[in-house]
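Remarks on the structure that follows.
Below, read A as the first sequence line, B as the second, and so on, with proteins coming before strands; counting in each chain starts at 1. These numbers come from a predicted model, not from an experiment.
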There are 2 protein chains.
Amino acid sequence: MARLTIRDIARMSGLSKSTVSLVLNNSPRVDPATRERVLELMRQHNYVPNYAATALARGNTRLIGMIVPGLTWRLVAAINYGVASVVEGSEYEIILYTSTNDRNYDRVIERILASKLSAGLLVVTHNQPLEPLEKLHRDGLPVVLVDTLATHADLPAIVTDNYGGAHAAVRHLLELGHRRIACVEGLMEYPCCQERTRGYTDALAEAGISHRPELVQAGGFSAETVADSTRALLSLPKRRRPTAVFAHSDITAYAVMETVEDSGLKVPDDISVVGFDDLASSEHVRPALTTVRQPFEEMGRQAAELLFATIEGGPGETEASRQPPRLSLPTSLIVRDSTSTVA
Amino acid sequence: MARLTIRDIARMSGLSKSTVSLVLNNSPRVDPATRERVLELMRQHNYVPNYAATALARGNTRLIGMIVPGLTWRLVAAINYGVASVVEGSEYEIILYTSTNDRNYDRVIERILASKLSAGLLVVTHNQPLEPLEKLHRDGLPVVLVDTLATHADLPAIVTDNYGGAHAAVRHLLELGHRRIACVEGLMEYPCCQERTRGYTDALAEAGISHRPELVQAGGFSAETVADSTRALLSLPKRRRPTAVFAHSDITAYAVMETVEDSGLKVPDDISVVGFDDLASSEHVRPALTTVRQPFEEMGRQAAELLFATIEGGPGETEASRQPPRLSLPTSLIVRDSTSTVA
DNA sequence: CTGTTAGCGCATTCAT
DNA sequence: ATGAATGCGCTAACAG
């Protein structure tokens, strides 16, 4: 597999390297006939330009980095798919930075990304400090956040309407006649979770229901904490006990449902449950979970397109680019079997 | 962010480029004192060698390609995690090739991978033709298959014991007293599915149960086909109707369970169901699914390590390497609530 | 429209 | 132990 170089093609075609290079780069200023001849030659000999050489000469690569935290793979699959669907139509490739533990996050940022390996960066759902990313962005590396709701960050981002989603979920419960609606929260360091609680609180307030702190429980990401919280809710005296639970995530909702059933109550007959995310499995859980769907795939697509736009747009220190675009995609309520009218 | 080059470091340290280069490559023939001085300088100025330049000069990159088919993301998450956990301890990065549709598979193989972008290739669960991969491998690009049970392929692979897993699943049902055990198959083009049917058939035969073709149904990957197959099974006269179903995958099992319940029967009371894979969601499905666990994460780890070994091992046309290593990882039966003794 | 000439940043001989 | 020279394969002015 003696690799062919551009020089070989040049010799074979009787042209010079530069002309061949022009062909490679689709330059209009090359004779269509010779152009076709060269292309044919390449095809015949299975010539492929050396990536490293191209990158070096150009001064930039055609790779985009994608940072995804290890723990959120279940959400990330769909995002990835969306990203991939637009990337594969381009000349770019994805290079994947997964940090399975948090410690090497800094290494990833400081060392690898500084090596000019990627032309842009997609950062998926994470709660690491954003300062390093902002610095990179200021230094000219396009960065797009995906599902990282960092309100204070000075970075372009694709997010979903967490507030609206939560609000709609609670509205749904209210319309079913529920009045005592609990909330089992996720990690409140995440702005998205803060938004969800805000949506919950506001929806209740708008319905004229006064806030009851005892109905808002910490959940976190651990099934045990969620179980504890759920038991705390169930142990309330009957007339103060919630008839419905809004969970900050589908995973949380699963744990809530399991705890409810373990304690001899039925979902949705005794307690309705709404989740958030619409993971693929939520359709198969029994009862099938009513939940707020996040358009993950679409988010991935939009994020990739935004990133490409920024990359192609050049340094673009225009007035418009100083205000980083922040696209919020709508969520939708998927009503299934885990919610019903209040008994 | 005017990027520093090796030349800058050389100037600052009063040395020549080549000496600095020697430091970068951990050459023993450089004075420990100067070596430390140079390293310190690099640290201070946040110098990182240009990846493309290094790759070009060396003639090889420190990237490993990972081909994953778009449709199997749910399985792939855990594999990825395993791969990432070993890659992040190395100097390599992952570059992700996802083909969301099958058409560009050839393009991926022929063009991108031939561009010397990756030092090795990890190919995850796919059913594309393997010839191109074999060719690449012969041409010196290390390739490792993950969960692609291609019995006839001349490539190193990490697989799981599909036969043994299926066998164990059916044994489990037999021990519960079931005699009429159906099988809802996956895509039979996949060798792994062929193995699963073989395990099913053999386990029955060993128990002295004669093969009943009507109990083996096509499932494929579509929920509707599975539903059809399940209804066909349920519509058998009561004394020929199966009391248990072995499904080729968890997803298939979900659809089987739903169809069973739609028709008014109960899992596991009327019909026991066993899946294959142990997706994360199988724990949350109701009834929680009894299934055969594949050690996805471990597969990813092993695959990455095998790939590294081959890369570092050089061209290695030894006698041992002519016989491509084929590691089969054991599966384990996870008993949950979807199986019970026969009524 | 096409060829000439210089690099891109680094690794790697060969000298010293 | 360190420096000078050369080339990896390609792009990008600048000429013609």
Side-chain angles (χ1 to χ4, degrees), chain A residues 1-39 41-42 45-63 91 111-112 114-119 140 314, chain B residues 1-39 41-42 45-63 91 111-112 114-119:
Chain A
M1 196 198 203
R3 286 188 50 74
L4 292 172
T5 77
I6 198 176
R7 190 198 254 95
D8 297 318
I9 301 291
R11 236 191 317 257
M12 297 165 84
S13 61
L15 295 169
S16 78
K17 286 194 320 181
S18 30
T19 308
V20 178
S21 175
L22 289 177
V23 171
L24 280 177
N25 293 284
N26 297 313
S27 165
R29 24 176 269 205
V30 63
D31 185 82
T34 46
R35 146 184 225 69
E36 194 44 54
R37 195 160 54 87
V38 172
L39 285 175
L41 217 48
M42 293 184 185
H45 296 271
N46 219 318
Y47 164 79
V48 181
N50 180 304
Y51 209 96
T54 311
L56 181 56
R58 273 217 190 94
N60 59 34
T61 67
R62 291 239 190 283
L63 297 174
E91 299 195 309
R111 291 202 37 213
I112 324 261
S115 64
K116 256 201 175 310
L117 222 189
S118 38
Chain B
M1 196 198 204
R3 283 190 50 74
L4 292 171
T5 76
I6 199 176
R7 191 198 254 97
D8 297 317
I9 301 291
R11 238 192 313 259
M12 297 165 81
S13 61
L15 296 169
S16 77
K17 289 195 316 181
S18 28
T19 308
V20 178
S21 174
L22 289 178
V23 171
L24 280 176
N25 294 282
N26 297 313
S27 164
R29 24 175 271 205
V30 62
D31 186 79
T34 47
R35 149 186 221 67
E36 193 45 53
R37 195 160 53 86
V38 173
L39 286 176
L41 217 49
M42 293 183 183
H45 296 270
N46 220 318
Y47 165 80
V48 182
N50 179 303
Y51 209 97
T54 311
L56 179 56
R58 273 215 190 97
N60 60 35
T61 67
R62 292 239 189 281
L63 297 175
E91 299 197 307
R111 290 202 37 212
I112 323 255
S115 63
K116 258 200 175 309
L117 221 189
S118 38

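- Taking a heavy-atom distance under 4.0 Å as the criterion, the stretch of DNA chain C touched by chain A extends 5' to 3' from C/dC1 to C/dG9.
- Atom CG of B/N60 is separated from atom OG of B/S118 by 11.0 Å, given to the nearest 0.5 angstrom.
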For this session: Output, in order, the C-alpha distance, side-chain angles, deciding distance and verdict of side-chain contact (heavy atoms from CB on, under 4.5 Å) for A/V23 and A/L39.
Result: CA-CA 8 Å; A/V23 171; A/L39 285 175; 3.9 Å; yes

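- For B/L56 against A/A52, the heavy-atom pair with the smallest separation is N-CB, 3.8 Å.
- Minimum interatomic distance between A/R35 and A/V30 (heavy atoms only, all atoms of both residues): NH1-CG1, 3.4 Å.
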For this session: Kindly determine whether B/Y47 and B/L24 satisfy side-chain contact (heavy atoms from CB on, under 4.5 Å), including the steps that lead there.
Result: CA-CA 11 Å; B/Y47 165 80; B/L24 280 176; 3.9 Å; yes

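- Panel note: side chain B/Y51, backbone B/R62; a donor-acceptor pair is recorded below 3.5 Å.
- For the atom pair CZ (A/R37) and CG (A/L15), the distance works out to 5.0 Å, reported to the nearest 0.5 Å.
- Contact check, A/Y51 against D/dC8: no side-chain N or O comes under 4.0 Å of OP1 or OP2.
- Mapped onto DNA chain D by nearest heavy atom, A/A52 and B/S16 fall at different nucleotides, with B/S16 at the one closer to the 5' end.
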Check nucleotides 11-13 of chain D for protein N or O atoms closer than 3.5 Å to its own N or O atoms and list the pairs.
residue: D/dT11; atom: OP1; partner: A/N25; partner atom: ND2; Å: 3.4
residue: D/dT11; atom: OP2; partner: A/S21; partner atom: OG; Å: 2.8

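- Rounded to an integer number of Å, the gap from CG of A/L56 to C1' of D/dG7 is 12 Å.
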Problem set entry | A/V20 vs A/M42, side-chain contact (heavy atoms from CB on, under 4.5 Å): CA-CA, chis, key distance, verdict | CA-CA 10 Å; A/V20 178; A/M42 293 184 185; 3.7 Å; yes

